[in-house]
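For reference, the structure is listed below as C-alpha cells.
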Amino acid sequence: MTQPTNLLHVDMDAFYASVMIRDRPDLHHVPVIVGGGHRGVVLAANYPARAYGVRSGMSGYEARRLCPKAVVMPPDFELLVPVSKAIRETFRSFTPVVEVVSLDEAFLDVRGAARLFGPPEAIAQRIRSRIRAEHGIPCSVGIARSVSVAKLASRRAKPDGVLTIPPERFVEMVHPLDVGELYGVGESTRERLHKLGLITVGDVAKFPVDQLRRMLGRHLGGHLHSLVWGTDRTELHPGGAGTWGFGEGTPEGSMGSQHTLAADVRDRDDLLRELLRLSSRVAARLRAADKIGTTVAITIRYSDFRTISRSRKLPEPTDVTQDVYDTAVLLLDALGHWAPDVSRPPAVRLVGVRVEGLRRRVPEAGRQLALGERDPGWPDADRAIDRATGRFGHTAVRRGSLL
DNA sequence: TCTGGGGTCCTTAGGCTG
DNA sequence: TCTGCAGCCTAAGGACCC
C-alpha cells in the first residue's frame, strides 16, 4: 500500500529577523542581523543582509566584516515567543496533528483536513496566506510522505514558496542532490561520505547498506539508508517538545546552561564565580520545572576551541544550587589546571553546567530523609531566592560571592 | 582580538558483577 | 583461584538540530 503525501513542513523565513523588523518599516530594505554580538553568532539575517553573504550560524565578527552597515540587534524573546505560539494556533486550526520542532517550524499531518480544506498544496497556500495576513511573516512549506523529505522540500522551497516531493518523483528530484542536503547529514558525515566518493544522494543509495553500517555505525548507517530512499518516519509526535524547550512536551533528558566569557579566563576564582552563576540558573530552572537530576556535568572550552566535558553521578538526585555547584567545582578541580605545581593554567573561553538524568521531584510531604542527608538549609535558601526573584526579578537576590 | 546556547541521541571505552 | 564472557552502568566525546 502506498502512503499518501500528507506531511507538511512549515518553516518561517528568517523568523527572528522577520519578527524583529515587522513593525519597523524603516528597516525592511536595509540589512538586518539578529544576534552576532560580541563573540556571538548570527541567529538570523534578513534577505538584504544575505545578499552580502551573511548567513545564520556565522560569527558576528565575520558577518560585520561582510556587511559593516548592517543593523545588528539582539533577539527579543518576549516578542518572538508570543508570535511563535500564535502561529502554532494557526496550524492547529487546520489540523490537530502538529509536531512543533522549534520556535519557527513545525510538521503538520493534514490527512484528515482534505475534506474541509482541499489537497495538501491548497492547505499549504492557505496556511501561508493566513500567517502572512495575521502575523506579517513569510514562510515556506515542504510537502512529502516522510518527515525528512518534507523538511528537505521546505528548505528548497525557500524563500516564500511551496514544494511537493511526491514518492514517485523522489528519485528524480532528490538523488541528484548533494548528500549533505539531507536532514540529519551534517558537515562531518557529509565529509566522510565525500571521502568515500559518495557525493550525491543517489551515490549513497546505490551503496550496499551493510557496508554503510560498517563504516558509519549500525544506527547511522541504517538511518542514512532510509533517508536516501525517503523511507524514514511518516508518523508525527504531536505536541513535540521542540529543541529549545518552548514546546508543550515534558523533556526528561537534561537541563543546562553555558556561557562564553567576555574574555578568556585563567583565574580559578573567576571560573568559580561563573560556575556558581550557571549552577544557580540551572538549579532554579529545575525547581521551576519540578525536576531533580542525578548527574552533574561541566563543559570547558579552551581558547583553542578544544572542548571537554566531565561528569559525576550524585548519591542522591538534586535540584539544590549548592549541590550542583559543589559537584561542578570538584569536576573543575579534578582537571588539575589549578594545582599548586601548575604555573600557568590554560585560558578558558566557555564554561557550562548541566544536570542530566532528570526525573520528576517527589513532593516533600511523606519524603523520607536519606541516611546522612545534609542540612536542609540550602533548599530553604533556594526557595527563598526563587520567591524573591519571582517577585522582583533576577537581579533582586544575588549570592555574596557573585558580587 | 573569528567560531552561541539550548538540547537529543549515539558510540565507544572501561569498570564492575555474576 | 583463575579466566572468559555477557550484560549493565558510567563517563566522555562527537554529531546533529534550530
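Residue numbering restarts at 1 for every chain, and letters A, B, ... go by the order of the sequence lines.
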Identify which one of Val34(A), Asn46(A), Leu27(A), Ile33(A) satisfies the side-chain contact (heavy atoms from CB on, under 4.5 Å) criterion when paired with Val71(A).
-> Leu27(A)
Hey, are Asp319(A) and Lys291(A) close enough for a salt bridge, meaning a charged N less than 4.0 Å from a carboxylate O?
-> no
Determine the contact category for Met255(A): base if any of its heavy atoms lies under 4.0 Å from a base atom, sugar-phosphate if only primed atoms, P, OP1 or OP2 are that close, otherwise nothing.
-> sugar-phosphate
Just grab all the salt bridge (Lys or Arg N to Asp or Glu O under 4.0 Å) pairs involving residues 329-351 of chain A, residues at least two apart or on different chains.
-> Arg268(A)-Asp333(A)
Does Arg349(A) put a side-chain nitrogen or oxygen below 4.0 Å from OP1 or OP2 of dT3(B)?
-> yes
Is the shortest side-chain N/O distance from Ser309(A) to OP1 or OP2 of dA12(C) below 4.0 Å?
-> no
Distance-only donor-acceptor pairs under 3.5 Å for side chains of residues 181-188 of chain A, two or more places apart:
residue: Glu181(A); atom: OE1; partner: Arg156(A); partner atom: NH1; Å: 3.0

At under 4.0 Å, does any side-chain N or O of Arg310(A) touch on OP1 or OP2 of dG13(C)?
-> yes
Residue list, side-chain hydrogen bond (donor to acceptor under 3.5 Å, both in side chains) with Arg126(A), at least two apart or on another chain = none
Among dG13(C), dT3(B), dA11(C), which nucleotide sits nearest the side chain of Ile308(A)?
-> dG13(C)
Ignoring backbone atoms, establish whether Arg301(A) has a side-chain N or O less than 4.0 Å from OP1 or OP2 of dG4(B).
-> yes
Please list, chain by chain and in numerical order, all residues satisfying side-chain contact (heavy atoms from CB on, under 4.5 Å) with Ile308(A), sequence neighbours excluded.
-> Ile300(A), Tyr302(A), Arg306(A), Arg310(A), Leu335(A)
Summary of salt bridge (Lys or Arg N to Asp or Glu O under 4.0 Å) pairs that have at least one residue in residues 16-41 of chain A, sequence neighbours excluded = Arg24(A)-Asp26(A), Arg39(A)-Asp264(A)
Kindly write out the residues that satisfy side-chain contact (heavy atoms from CB on, under 4.5 Å) with Glu105(A), not counting sequence neighbours, or none if the list is empty.
-> His9(A), Asp11(A), Val101(A), Ser102(A), Lys151(A)
Contact check, residues 183-205 of chain A vs DNA chain C, heavy-atom distance under 4.0 Å, returns Tyr183(A), Gly184(A), Val185(A), Gly186(A), Glu187(A), Ser188(A), Thr189(A)
Can you list every salt bridge (Lys or Arg N to Asp or Glu O under 4.0 Å) pair that touches residues 53-74 of chain A, not counting sequence neighbours?
-> Glu62(A)-Arg65(A)
Minimum-distance nucleotide to Ser102(A) side chain [options: dC18(C), dG6(B), dT1(B)] | dC18(C)
Nearest-nucleotide pick for Ser257(A), side chain only, options being dA12(C), dG6(B), dG4(B) | dG6(B)
Taking only N/O atoms, report every protein-nucleotides 10-13 of chain B pair under 3.5 Å with atom names and distance.
residue: dC10(B); atom: OP1; partner: His219(A); partner atom: NE2; Å: 3.1
residue: dT11(B); atom: OP1; partner: His219(A); partner atom: N; Å: 2.9

Compare the minimum distances between each of dG13(C), dC18(C), dG4(B) and the side chain of Val101(A), then state the nucleotide with the smallest one.
-> dC18(C)
